[in-house]
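Worksheet: one structure, shown below.
All chains are named by letter (A, B, ...) in the order of the sequence lines, taking the proteins before the strands, and each is independently numbered beginning at 1.
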Amino acid sequence: MEYAIQTENLAKTYGKTFKALDGVSLHIKRGEVVGYVGPNGAGKTTTIKILTGLIRPTSGHAYVNGIDVAAKPKDALRSIGALIEVPGVYDYLTPHEVLTYFGRVYGMRRDVIDRRIKETLDLVRLPDWEHKKAGSFSTGMLRRLAIAKAILHKPDILILDEPVLGLDPKGIMEVREMIRQFRAEGMTVFLSSHLLSEVAEVCDSVVFLDKGKVVSTDSMEGIGRRMDHGVVTVRFLRPLFGADIEKIKAIDLIKSVDVKNGTARLHYDGKPESSVQILKTLVSLNLDVVSYAAEGVGLEEYYVSVMSDEKGVN
Amino acid sequence: MATNAVSRRNDLSETWLSLRFELLKHLKRRRLLILVALAVLLPLFPLISRPDTAVEFAGSSLNFISVLIVISAAMFAGDSVCGEFEKKTSLLLFPTPQNRASIFAGKYLAALLCTFLVVTLWYIVLTLETGALYGWGDMPGDMWKSFVTALLFSTAAVGVAFLVSSFFKRSISATILVFLVLMMIMPIGVMIMTLLESEPWFIVTYSANLITTVLGASSRLPMGPHGGDVVKQFTPTLGTGIAVMVTYAVACVAAGMAIAVRKED
């Protein structure tokens, strides 16, 4: 059982023509933190609803830990914790009452439930709200309560659908930190977002989805390489003059140089090894390098470039 | 790897768990308390015009219990299914290792238990009143039959509310329709059929008349000139009435369950 989450040609059609998902195949290994990125309406939530048994696929299969979700939902959902969209809460109940119920649903012992409620509410920073009605909670607090419910039973797999939607910057940072912690604990995390910058902070790899199809899959490292377009910006301690510029131009790996005062933009072949070699040469030439940074296209530009590619790679 | 702290539950224990959670919700929303208060207070109204006999007194009180049963069914079961989808609590509740059928069975049973509690309280208050006013010796002997038929009508009414709730997307629409069906549409159907001199034996609100008729009391207010009836009156037979109520309950719960478990966001 290599994959924690696997889908095979997953399709979901609404009505006769609208294809929310069109043959999506995913292969997510245990312990991976994978981003699922696409514009609104791409089919992210539809995929997640199928993975969590909320809706049935029109065709194809979704597996969790090798168990077909449609065929054996109870078995499949036992090892999943999920935060989907913006779930409602029973606003007349307290976190303690809600989490106690879900703890029992997962067959946890009373003492374990009580301990886990304390632990999870501590983790999501709601320890003082355990016995207060959820109706008085802010959006961020409700989201954190939903995360507490998702992780109460220490799932192997955590599925988070737009977990930072509607949160303030502090809340966003807290959720990111939680995801890093889940990764450190060995959880497989499947994180959907319409923002590449959001998943780039915490994910190992990213699946790009558009119009119900997977358009690209890559590791964050690979994405980083693709974003690197072969230019480094170097800042020197002093302004560069003719002799210094000639020395730089003489470096084999450099194709061209743009100089302005003490800053130079060096064009090269874009390979990481070349970048390292250029830096070493600059230092050996005693050019007093203050900073050295690869330029790249922005995450959002990269995202747009991926999304405009219609080829699909299912 | 994270530790999985999960063990298996069977369908029965899931239903029991869902039932307990629903009861907690009804308590916390104060619906149960409101209906309990009504069940205790409403039977006191016949005291205003005290009839001559214990049977008439019990009958006049029980003429209103079917209204409370309908209110109770609508309040406890009207949003039992659609409320989860409308308020998106389904996104918390369903991605968990439980059969949806067990969840909904628990919801139906919780609504039924609450309605049974309301009905039982009404009969307790009524019995105490009747005993105190007319003496325990004059207590209608068939009061227990009336109580059982009230419970059976509760089972059917909650079933109807459950079915309506599984059809609709909005709680308010479902709740209003439950009231309309059980308090207007069906009684109008009974009235029309009665005027046509055809017994409306298959309409469950007609069967609910057994609640008072088993006592030997009238199931309706007098109509026509000088307070007398001008049309032929029908009285449901015990066997048929029970069969109709049971059939409504079974059919509505089965249909409601079939729709609810397939319902998607």
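Distance check: A/Tyr92 OH to B/Leu24 CG gives 8.5 Å after rounding to the nearest 0.5 Å. Separating the NZ atom in A/Lys149 from the OG1 atom in B/Thr96 is a distance of 6.0 Å, to the nearest 0.5 Å. Remark: B/Arg20 CZ to A/Tyr101 OH distance equals 11.0 Å, nearest 0.5 Å. Distance check: A/Thr94 OG1 to B/Lys28 NZ gives 6.0 Å after rounding to the nearest 0.5 Å.
B/Glu264 and A/Ile55 get closest at one heavy-atom pair: OE2-CA, 3.5 Å. Closest heavy-atom contact between A/Leu54 and B/Phe94: CD2-CB, 3.5 Å. Here the closest heavy-atom approach between residue A/Leu93 and residue B/Lys25 is recorded as CD1-CG, 4.0 Å. The two residues B/Pro97 and A/Tyr106 have their closest heavy-atom pair at CD-CE2, 3.2 Å.
Contact annotation for A/Phe182: neither backbone nor side-chain heavy atoms come within less than 4.5 Å of a heavy atom of chain B. For A/Val86, the part lying under 4.5 angstrom from a heavy atom of chain B is the backbone only. Heavy atoms closer than 4.5 Å to chain B are found in both the backbone and the side chain of A/Arg56.
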For this session: Apply the test salt bridge (Lys or Arg N to Asp or Glu O under 4.0 Å) to residues A/Lys74 and B/Glu14: give CA-CA distance (whole Å), side-chain angles for both, the deciding distance (0.1 Å), then the verdict.
Result: CA-CA 12 Å; A/Lys74 273 175 74 173; B/Glu14 284 170 17; 2.6 Å; yes
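Within 6.0 Å of CZ in B/Arg30 there are 12 or fewer heavy atoms belonging to other residues, nucleotides or ligands. Enclosure of atom NE2 in A/His61 is not indicated, since only 12 or fewer non-hydrogen atoms of other residues, nucleotides or ligands lie within 6.0 angstrom. Surrounding OH of A/Tyr14 are more than 12 heavy atoms belonging to other residues, nucleotides or ligands, all under 6.0 Å away. A 6.0 Å sphere centred on CZ of B/Phe179 holds more than 12 heavy atoms belonging to other residues, nucleotides or ligands.
Salt-bridge annotation for A/Asp91 and B/Arg29: absent, with no side-chain N of the basic residue lying under 4.0 Å from a carboxylate O of the acidic one.
Residues from residues 65-92 of chain B that place a non-hydrogen atom less than 4.5 Å from a non-hydrogen atom of chain A comprise B/Glu84, B/Lys87, B/Lys88, B/Thr89, B/Ser90, B/Leu91, B/Leu92, given in numerical order.
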